[in-house]
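Below is one structure, written out as structure tokens; comments come after it.
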Number of protein chains: 2
Amino acid sequence: MQSTRVIQDDQAVRDRIMAAALIRFRQYGYNKTTMAEIAADCDMSTANIYRYFANKQEIAGLCVANCIQDRIRCVEEVASRVDCSASERLRGFVLTLLQNCHDTWSKDLKIHELLLFITSEHPEIVHDKIARLQELLQAILEYGVSTGEFQVEDTVSTARAIYSSIAVFDIPLSMNFYPLQVFRARANEVVDLLLKGLSYTGKLQRYEEGSPP
Amino acid sequence: MQSTRVIQDDQAVRDRIMAAALIRFRQYGYNKTTMAEIAADCDMSTANIYRYFANKQEIAGLCVANCIQDRIRCVEEVASRVDCSASERLRGFVLTLLQNCHDTWSKDLKIHELLLFITSEHPEIVHDKIARLQELLQAILEYGVSTGEFQVEDTVSTARAIYSSIAVFDIPLSMNFYPLQVFRARANEVVDLLLKGLSYTGKLQRYEEGSPP
DNA sequence: ATAATGAATATTTAATTGAATATTCATTAT
DNA sequence: ATAATGAATATTCAATTAAATATTCATTAT
């Protein structure tokens with residue numbers, strides 16, 4: 001019991017430090033946040049933080065991972081709404097991803113900096129996120145197949161293809177190019193086109209050389 | 001006649017300067033290339049360059065625009081091959097775009113730096129490029145409709161949607177994430193899916209609530 | 001023993017300034 | 001008049017160092 005008690009206490013301290021750090025990272029960014037400030041916010045010495053974290057970057061990495069988790073939870077929610085068709089789930093998925101991406105870029109600029117910095121050191125964080133999004137897409141596809149909405153042979157490769165098609169809406173850098181409103185319209189156009197492909201029945205119009213005018 | 005003569009001479013000098021500049025930009029990058037070096041390569045004084053260009057950035061901007069032009073010409077060629085079906089043209093278009101993008105990133109790193117720098121000052125260069133690519137896509141679509149390969153109502157909005165879907169293959173930054181081989185596979189998957197959407201006949205499977213098991 | 005600290009050390013950032021480079025301009029050559 | 005130049009000026013870059021910050025550790029408190 002004693003050891004459990006201690007581990008829980010440890011986690012509480014870790015959480016307290018991370019919460020304080022995140023507030024400062026959000027407001028001032030990674031570089032302008034000092035370990036001394038984080039420590040002061042937690043009413044402890046700077047040195048004591050190092051009992052709980054290896055270094056500043058570890059704290060930032062965990063903050064970023066948490067943010068990504070939160071973002072993914074939004075998407076998961078939309079991707080599994082019981083009152084929605086598979087098509088609606090797919091559209092919701094894409095628009096939510098876009099909204100998240102835009103928010104990170106424009107509202108949460110400091111977090112975006114942090115994300116850029118951390119993911120350049122730990123690309124596996126991004127890969128894990130993409131893998132999770134593709135799982136969600138696959139689930140939407142399987143749901144669509146089960147309801148008869150979609151005709152899809154290979155849900156894994158199709159989920160990959162869909163993610164590639166909508167990746168541009170999940171890359172904060174691209175948010176520079178157009179206002180959100182334009183991106184929404186573009187995302188909707190892409191979803192419309194994808195939905196046609198997904199409900200494709202296989203009755204391909206054969207191309208006959210020279211027959212049309 | 002005299003004035004024409006002079007203008008032609010002017011253009012010849014401009015071309016000579018730009019050629020010399022491009023060689024240095026390619027090898028050493030924008031910052032490590034000095035106006036003095038460019039001038040020496042052209043056997044003229046530094047000051048004389050300013051008779052032909054407003055400043056160093058203008059020279060770089062024109063070099064970049066030329067490079068983009070060259071890249072687009074490759075794509076144009078593929079997009080209008082007489083011996084190819086519309087589907088083949090579309091696939092060629094995407095794979096060529098990807099190849100260009102990858103080359104710029106990995107082989108022509110210095111030019112990529114330049115491109116990044118110039119397009120941050122002149123986003124219209126990128127917008128023009130995207131507009132031209134969308135025109136080419138539209139031409140492929142119209143060709144596909146004319147041969148009966150594609151069923152597309154609105155070629156303009158569909159061309160936009162296709163560009164959005166494949167934009168990730170046209171963003172040098174993304175070349176970091178996977179090797180070219182993987183990107184090629186992804187691009188092919190996306191094209192496969194898009195082609196299904198394009199040849200979609202409109203006979204949509206209706207989703208009937210609760211009817212499947 | 002565990003948690004925490006203050007002080008010492010190592011590393012990073014920020015300010016300074018001299019050197020390199022871009023740009024301008026008065027003057028010269030054609 | 002047009003083209004070109006050398007020298008003057010403005011701007012940017014890079015090396016230097018002082019200050020700030022991250023990290024470690026010996027010591028103290030619980």
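Just so you know, these numbers come straight off a predicted model, no measurement behind them. Throughout, a chain's letter reflects where its sequence line sits, starting with A, and its residues are numbered from 1.
- One distance of note links CZ of B/R89 with CZ of B/R81; it measures 10.0 Å at 0.5 Å rounding.
- Looking at residues two or more places apart in sequence or on another chain, you find a salt bridge (charged side-chain N to carboxylate O under 4.0 Å, His left out) between A/R91 and A/D192.
- For the residue pair B/R160/B/Q138, the side-chain donor-acceptor check at 3.5 Å is not satisfied.
- Of the candidates C/dT13, D/dT24, C/dA22, C/dT13 carries the atom nearest the A/N31 side chain, counting heavy atoms from C-beta on.
- Aromatic ring orientation, A/F117 versus A/Y30: tilted (interplanar angle from 30° to 60°).
- The B/R51 side chain lies nearest to D/dT2 when the options are C/dA4, C/dT23, D/dT2.
- A/Y52 comes within contact range of the sugar-phosphate backbone alone, with a heavy-atom separation under 4.0 Å but no base atom that close.
- Distance CE (A/M35) to C1' (D/dT23): 8 Å, rounded to an integer number of Å.
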- Task: With pairs defined as Watson-Crick or G-U wobble and both distances under 3.5 angstrom, please note down DNA chain C as a dot-bracket string, | for pairing with another strand.
- Result: ||||||||||||||||||||||||||||||
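- Candidate nucleotides D/dT24, D/dA3, C/dA22 were compared by shortest atom distance to the side chain of A/A47, and D/dT24 ranks first.
- Checking A/M44 against A/K32, the closest nucleotide of DNA chain C that is more toward the 5' end is the one next to A/M44.
- Of the candidate nucleotides D/dA22, C/dT23, D/dA3, D/dA3 has the atom lying nearest to any side-chain atom of B/D10.
- The side chain of B/Y50 has C/dA22 as its nearest neighbour among C/dA22, C/dA4, D/dT5.
- As judged by a 4.0 angstrom heavy-atom cut-off over every strand, A/T34 is placed among residues touching the sugar-phosphate backbone only.
- Distance CD1 (A/I49) to P (D/dA22): 9 Å, rounded to an integer number of Å.
- The pair B/E76-B/R132 meets the salt-bridge criterion, since a charged nitrogen lies less than 4.0 angstrom from a carboxylate oxygen.
- The OH-P distance, from A/Y30 to C/dT13, rounds to 9 Å in whole Å.
- Taking the six-membered ring where the residue is Trp, the centroids of B/H102 and B/F169 are separated by 6.0 Å or more.
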